[in-house]
Structures are given as C-alpha cells and as structure tokens.
Engineer: 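I'd like to ask you about the structure that follows.
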Amino acid sequence: MYDVIRKKRDGGELSENEIGFFVRGYTRGEIPDYQASALLMAAYLKGLSFAETDALTREIIRSGTTLDLSGIEGIKADKHSTGGVGDGVSLAVAPIVAACGVKVAMMSGRGLGHTGGTLDKLEAIEGYDCYLSEKKFREVIASVGCSIIGQTDALAPADKKLYALRDVTATVDKKELIAASILGKKLAEGIDCLVLDVKVGSGAFMKTEEEARALASLMVRIAKEHGKKVTALLTDMDVPLGNAAGNSLEVIEAVECLQGRAPEDYTLLATELSARMLFLSGKGALDECRLMCEKAVESGAAFRKFRDMVAAHGGNTEWIDDVSLFPSAKYSRIVRAERDGYISRIDTEAYGTAGVLLGAGRRKKEDAVDPAAGIRILKKTGDEVRAGDGIAVLFASEEGLFDEAEKTLSASLEYSDVQPEKRGLILDVVESVSYTHLRAHETGAYL
Ligand code: URA
C-alpha cells in the first residue's frame, strides 16, 4: 500500500491491479483508514486518468453483489442527482415514468452534508419501508412499475466505506471520485438506462459549469463503456429547486407536482428528466416523450402510480391523498428582507446548511432527521422585495434552533437595485449518441 500511495503522490498512473488491491483490501478491513486517506488525498490532488477512474468504478461494483432485474419484462431505467437543495424530483419522476410504461428501479441515498436525500424524504411518509428485500423490490417494480429503496449492504459496499472516509477527509468534491462512487452503485443495479442530473452552482458539489460538464462527460463515458444508455443534464443549483427544502415539505411538493400544482421550475425539471428516461428507453421522439409525461400527470395516472408505490412499501396512502395529515412542525419563523431591492444572489449551500441546523438533515451520520423541519421558500434570485417582506419560512420542533439557521440564511442573500438576469434551469445536455433508436436531430441539446 505504501508503494501505491507513493506512486499516486508522485503523479503516476495506477494499474488495474493496484486499484483492485486497494479497493479489495480496504473493503475487507486489511488496509487501515490512514493509508486509504492518504491515497484518496493523493488522488484528489493529482487526479485520476480515465483508465484509473473506470478501474475504480469496476472495483466498486465488484466489491458486492449486483442486482439481476432481467426477469422483469421491459426496459428498466433510473435517474440520479449529484445532490442539491430542495431537489425532491425523484419522487415525482419515478411514478411519471412508470405511468408511461417504463419500469423504474431506483436506489437512493440519504442526505449528505447540505444536500437532501430521497430516502429521508420517503421516510417522512408514515410506514414507508425503504429496505425491501431484493425479491420484494423486483415484485414491486414488476407490479407497480416503480420502486424506490435504499442501497442494500450487499451492493457496492466499497463505496459505503470509501464515501464515509471521503466525507471526513475533504475528498468528496473531486469529479473522478464522484463519478466512480455514483456509477459504482448505479451500474450494480441491473438497469438499462440512466439519466444523470448533474447539479451546478452554489448549492451543488460542482460550483461551475465547466466542472459540472467535465463530471457529466466522465460519467457518460464510463456508463457507455458498461453498455448503458445514459444522458446527463446540467441543471442549475444556484437557487434551491421549487419552493420547499425539508423532508415532509418535499414529499408534499412532489404530490403537488403529480397533481399539476408544483412551481414551474420543479415541474419543468421533473418533466424533462422523465422525458429523457422515456427517450432513452425508446418510447419515442423527445417531444413525444415530454407530451406523454404531461399527459400522465393530467390524467392522474402518475399520481396513482405514486400512491400504489407508497402502498406497496407499507406507507400510509391517506397522507398522500390528504397532505395536511403530514405532521407539521411545532414552531415557525419568517426570515425577512433586510432592504428594498432585488435578490441578486443566494448562496444555496447555506440554505441546505440552514435546513440541517433546523433538523432536516444530519450534522453527524448517526443523527435522526426531523421530517417536519425545513424551509418554505417565498422569494428567490431575481424577485423584487421590500424591506420586511418574507423571504422564507423556517420550520423546526425547537425554538432554540431558529437563531443560527436564520443567521445562516440571511447571510446567504445578496441584494441589488437592478433586477439581475435569471439563469436558465437546464444548462446543457451531455449524452452518448451511438444508439440505433436515436435519430441525429433528436440528440441536440434542449436549452
Ligand atoms: N453522491 C455519491 O453517491 N457519491 C459522491 O461521491 C457524491 C455524491
């Protein structure tokens, strides 16, 4: 291990054998954390070549079992976000796609740092079981059309250990490590198609479009090497998505989306991601797929799929039919504008951090999340405000949690006297174009 660390420290390229030796040894507990940390930091500082990143991905996949979904008829698709604030669209995307006839096998994670996690959101629904057996997962996908579960311990265990170590050694935000981590899990899932939502901006791991595009291209290239159909969208995370950040609040927003009542940005992203999944699955031209998604919402079919999925996971569907049944937080506080003008910038990561401070996320891995805690967003970048107008409402179960969260959120806002230009939501599309059912004119970016 000493030689492997030294080679990477000096900028050398590790062989497949060396990467395999490291991943296997670390997963089995034969390589100590201090040596693994040193190698991760060397990789962070020197970077990994494509061959090294691909080898790391393969070793992460090999570290556990892979799911066999071949017994389920039809194409199986999934979607993954690199992480953001208020980004609960997976909850709407899975049932929309299932309602259009493509099976969705989704394995999701918990909140990481300032970013929210789909599992924490689903667990805000009374009774929802995120840990179905593989057999039950397959049954729900086959019967309902979609299922969202947590990653099983058997799948990509190397990533679990490596991610926990990266989290405490400041080695998370490196594109090669992120790509291997995400794809190591996603490619072990037995899916045919994957749509990646690569978040860009102050609330994302990738702060610039250039970094995000490089991550997207890398993930698309690796997934293609593994024979998967894949598209990556670069989407804006300089402002929180939708109007809610917090677990129950985001389930409610997803239900609103499935009932055609969600904020415009949320609906646009949910529709686009869903349409891209249908498109990769060969359901038609992109515009036809977008239309199918809209119809699935209008007809109520997507909402019914969500309800069926919740029921199949043991969740209380009365809460889905009547979202006022979600327990609300005991306390709330309005954060107000400091001056007249326009909101010119939001540090969206600070919104995520404020959510964590309110109890919607975890400070330490073992912490429990408060499903009712979170932020309702009233104003966003570009909106005009008068001093004293409400910008956001904070929700928490203890009044003592508000001061720090309010300070964090207020400090993240900048004001100007002129209206700033709003950035588009979907910034770019990176895709692999070698599939026979794609016609050349259909592969262009949707901007
Ligand atoms: N999400 C992951 O699963 N892994 C990373 O490294 C970053 C985000």
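Along the sequence shown, the residues carry numbers beginning at 1. Start at 1 and go down the list; that is how both ligands and their atoms are numbered.
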Engineer: K185 to ligand 1: N or O pair under 3.5 Å?
Structural biologist: yes
Engineer: Compute the minimum heavy-atom distance from I182 to ligand 1 and say whether it is under 4.0 Å.
Structural biologist: yes
Engineer: So if I count the atoms of ligand 1 from 1 in the order they appear, which ones are less than 4.0 Å from some heavy atom of S181?
Structural biologist: 2 (C), 3 (O), 4 (N), 5 (C), 6 (O)
Engineer: Could you tell me whether K161 and D33 have a side-chain N and a carboxylate O separated by less than 4.0 Å?
Structural biologist: no
Engineer: Using the rule side chain to side chain donor-acceptor pair (under 3.5 Å), only one of D197, D87, T235 pairs with S81; which is it?
Structural biologist: D87
Engineer: Determine yes or no for a side-chain-to-main-chain donor-acceptor pair under 3.5 angstrom, with D238 supplying the side chain and T348 the backbone.
Structural biologist: no
Engineer: Using a strict cut-off of less than 4.0 Å between a Lys/Arg side-chain nitrogen and an Asp/Glu carboxylate oxygen, indicate whether E189 and K185 qualify as a salt bridge.
Structural biologist: no
Engineer: Does ligand 1 come near enough to T82 that some N or O of the ligand is less than 3.5 Å from an N or O of the residue?
Structural biologist: no
Engineer: Give yes if a backbone or side-chain nitrogen or oxygen of Y163 is under 3.5 Å from a nitrogen or oxygen of ligand 1, and no if not.
Structural biologist: no
Engineer: Is E211 reaching over with its side chain to a backbone N or O of K207, donor-acceptor style, under 3.5 angstrom?
Structural biologist: yes
